[in-house]
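Accompanying notes for the structure given below.
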Amino acid sequence: VAAEGGSSAEVAAQPAASGPTYKTLLVTTEDKITTIRLNRPSKKNAVSVEMYKEIIEALNQAAKDDSVITVMTGAGDFYSSGNDLTNFTQLPDGGVEQLAKQSGEVLRQYVRAYIEFPKPLIAVVNGPAVGISATVLGLFDLVYATDRATFHTPFSQLGQSPEGCSSYTFPKIMGTAKAAEMLLFNKKLTASQACEFGLVTEVFPDSNFQTEVWTRLKNYAKLPPNSLALSKQLIRSTERERLLQVNDAEVERLVERWLSDECMNAIMTFFQAKAKL
Amino acid sequence: VAAEGGSSAEVAAQPAASGPTYKTLLVTTEDKITTIRLNRPSKKNAVSVEMYKEIIEALNQAAKDDSVITVMTGAGDFYSSGNDLTNFTQLPDGGVEQLAKQSGEVLRQYVRAYIEFPKPLIAVVNGPAVGISATVLGLFDLVYATDRATFHTPFSQLGQSPEGCSSYTFPKIMGTAKAAEMLLFNKKLTASQACEFGLVTEVFPDSNFQTEVWTRLKNYAKLPPNSLALSKQLIRSTERERLLQVNDAEVERLVERWLSDECMNAIMTFFQAKAKL
Amino acid sequence: VAAEGGSSAEVAAQPAASGPTYKTLLVTTEDKITTIRLNRPSKKNAVSVEMYKEIIEALNQAAKDDSVITVMTGAGDFYSSGNDLTNFTQLPDGGVEQLAKQSGEVLRQYVRAYIEFPKPLIAVVNGPAVGISATVLGLFDLVYATDRATFHTPFSQLGQSPEGCSSYTFPKIMGTAKAAEMLLFNKKLTASQACEFGLVTEVFPDSNFQTEVWTRLKNYAKLPPNSLALSKQLIRSTERERLLQVNDAEVERLVERWLSDECMNAIMTFFQAKAKL
């Protein structure tokens with residue numbers, strides 16, 4: 001793992017013996033913990049189409065393996081910078097409409113994989129979390145964050161709209177008055193604010209973040225596995241149908257948005273600004 | 001605007017060129033922001049029957065105009081002291097039953113106008129907010145408050161029951177243990193408590209409240225308008241049906257309450273106490 | 001009352017004149033307040049099968065008496081250590097399956113008594129609250145706690161799963177990221193944390209806890225009774241059906257859990273550890 005910075009770099013664990021191999025992820029199982037590490041540190045772990053598909057696959061595998069808990073984290077200094085906007089630059093034969101439709105379908109399946117995940121799912125947020133990587137945190141059971149982490153969902157700035165079930169989970173977790181500032185008006189939260197608002201379970205100083213968190217996680221993985229899985233499913237079962245509906249509504253809205261002038265102009269401006277650097 | 005005190009007095013903006021004129025409101029559109037200012041400062045912006053109807057009309061107009069965001073605020077030192085109890089003193093031909101029925105219908109339409117409002121709706125709470133003016137804040141997208149603001153819903157004290165969808169939004173936002181202290185037991189929150197509990201987005205020192213808030217709002221109004229409106233609708237769509245049902249149930253209960261001995265006695269005591277001053 | 005410690009011991013009030021008598025509770029009505037005091041201080045107010053049934057009966061009586069509010073509290077230093085695990089040691093003719101079924105039915109009726117309770121219900125948490133005594137707090141309207149109180153739901157540790165509607169109320173009150181740490185991973189909250197997360201209304205120093213709280217409660221009981229009861233019912237009515245469903249789902253899951261190897265082993269280990277003391 002070629003980490004961008006030093007603070008969260010770790011020795012790579014051994015890959016799972018018989019599992020599939022991934023191009024954008026490093027997936028390991030150790031001490032009854034399956035860890036899905038987003039592994040495009042040079043791109044700040046931006047989620048490419050390939051990475052979306054690999055995460056879906058890795059979650060499906062983790063659901064079936066003999067691990068007790070599943071952890072998601074990022075390689076390098078970022079947790080994840082969110083949707084890779086270059087996803088919008090490879091046009092299929094059907095043009096932009098086809099591209100929007102395909103992207104929507106990938107997104108729908110991606111978020112569904114979190115909604116349906118049957119074991120405790122824990123985010124180890126090792127740095128900034130942006131867009132889709134921040135919104136799906138509302139579908140995790142625990143979110144541990146370094147004090148270097150930030151949480152940012154700049155949808156309206158890009159002419160887009162909320163996804164990852166955040167239009168439902170964020171108001172539920174933090175109330176509408178806090179959620180709307182993030183989801184409509186692009187407010188970036190510090191780790192401490194995100195913890196105060198309930199999106200994050202606990203914040204740790206970056207210097208001992210990895211040590212503290214993994215000590216806890218190893219203890220959690222020793223608890224009775226069925227009790228954990230069934231309790232987690234019980235907690236989520238009361239809102240499963242609602243979450244699936246919200247996901248569908250968000251994807252539908254977002255596909256419309258991607259084809260709007262507002263969104264196309266905002267994305268074009270983004271690439272023009274990048275080109276000038 | 002004859003403000004009661006100096007701290008939040010402002011130069012009146014120009015009224016909208018072609019809009020309707022109001023007796024109890026000052027409505028302006030500037031910099032893509034429609035501002036609905038409650039304008040009965042000598043009555044602490046108590047909501048008369050006329051003001052209920054004018055706010056409904058102003059929200060309907062703002063929904064259709066070319067503004068990007070809509071702001072509600074109060075003239076003078078109060079945000080609003082809530083329902084004007086003199087609303088209960090003008091008996092129609094049908095007597096108290098007819099009065100209760102009519103008042104219920106006005107309230108139902110009033111709260112519905114907030115539930116259905118299609119653009120980001122922002123409260124600039126320039127002073128104390130009481131009763132219906134505090135409860136509907138749960139239907140706003142952002143709530144910015146001066147540190148002079150307080151939030152008070154003294155329903156049971158007056159033999160009444162919660163409205164403005166607060167029986168649903170307050171427990172959702174702050175949990176039942178905090179909500180019941182406000183809604184059942186008349187606890188008055190400071191601005192800082194209301195912010196901690198999630199009812200308020202952020203609190204500002206009164207000295208720079210107006211400057212800080214309006215700087216932000218002007219920036220918000222430059223964001224892509226469709227993205228903002230559609231994102232807001234997405235967030236609210238998951239609970240729209242629920243909110244309409246809650247509104248109906250609250251109004252039904254309140255109409256019964258208004259005809260109860262408990263409520264009539266409490267209101268009579270209120271006016272007797274006032275008469276002695 | 002033979003209190004375990006001195007700090008929250010009180011002079012016993014007179015029992016209600018005409019009410020039933022209880023073996024595990026001390027129930028009194030005074031100043032329009034019915035107080036249900038869990039009265040097994042030598043067992044840290046652990047909830048025996050008899051106590052479950054007596055609390056159901058006491059709640060049914062309090063619903064019908066002329067009190068305005070109902071208070072639950074504990075005798076001695078503990079609020080309640082939760083389900084008495086000796087409940088699992090008295091096997092009926094049908095063996096463990098019959099025992100699990102019976103226990104599930106008692107639990108279902110017990111939690112339902114809270115869901116359906118028609119008046120303001122207030123917990124005066126005079127010390128640690130564990131398991132079922134902590135989870136049902138999400139069904140109370142107010143929760144006042146001494147700073148000596150803690151809140152602990154160690155379900156997975158015992159191979160069990162959440163009850164008391166906590167799989168629904170805890171995520172609603174504090175967000176999933178905080179709730180899962182309690183409900184899945186056995187995190188014990190301090191009174192101050194529980195207050196910050198919204199489970200507790202307010203925390204008081206133990207030295208003046210009883211004085212402060214009872215002064216407030218006596219004032220609350222002077223408010224218009226119908227207004228209080230109807231407002232409370234309005235707040236709960238929007239989620240009553242949901243709560244009944246959640247209760248059923250939780251009980252069903254828990255009955256399965258009680259018959260699982262994980263749970264039987266965990267409980268056996270508990271008694272073996274206790275025997276060695």
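These values consider heavy atoms only, across backbone and side chains, with no hydrogens, waters or symmetry-generated copies. Since the structure is predicted, the reported quantities are computational estimates derived from the model, not experimental observations.
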So which part of [X] gets closer than 4.5 Å to some heavy atom of chain B, the side chain, the backbone, both or neither?
X	result
A:N265	neither
A:E256	neither
A:Q160	backbone
A:F155	backbone

Side chain / backbone / both / neither for [X] at chain A, heavy atoms under 4.5 Å:
X	answer
B:L234	both
B:L139	neither
B:Y144	side chain

Taking [X] for its side chain and [Y] for its backbone only, find out whether a donor-acceptor pair lies under 3.5 Å.
X	Y	value
B:R148	B:D77	yes
A:N45	A:F78	yes
A:N87	A:V49	yes

Heavy-atom pairs under 4.5 Å with chain A are the metric here; pick the option from [options] that has the most.
options	answer
B:T238, B:L228, B:N226, B:L223	B:N226
B:P224, B:S237, B:A123	B:P224
B:L137, B:I173, B:D141	B:D141

Using 30° and 60° as the class limits, which term best fits the ring planes of A:Y52 and A:Y110: parallel, tilted or perpendicular?
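Answer is perpendicular, since the angle exceeds 60°.
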
Salt bridge between B:E202 and A:K178, side-chain N to carboxylate O under 4.0 Å?
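Answer for the salt bridge query: no.
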
Would you call A:R257 and A:E163 a salt bridge, taking side-chain N to carboxylate O under 4.0 Å as the test?
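Salt bridge between A:R257 and A:E163, a charged N being under 4.0 Å from a carboxylate O: no.
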
For chain B, the option from A:G175, A:S260, A:A179, A:A177 that forms the most heavy-atom pairs under 4.5 Å
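Option with the top pair count is A:A177.
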
Who wins among A:A266, A:S156, A:G159 for the most heavy-atom pairs under 4.5 Å with chain B?
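The option with the most such pairs is A:S156.
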
Measure centre to centre between the rings of A:F140 and A:Y114, then say whether the value is under 6.0 Å.
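Yes, ring centres under 6.0 Å apart.
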
Option from B:R253, B:R242, B:R108 for which salt bridge (charged side-chain N to carboxylate O under 4.0 Å, His left out) with B:D248 holds:
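Running salt bridge (charged side-chain N to carboxylate O under 4.0 Å, His left out) over B:R253, B:R242, B:R108 with B:D248 returns exactly one hit, B:R108.
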
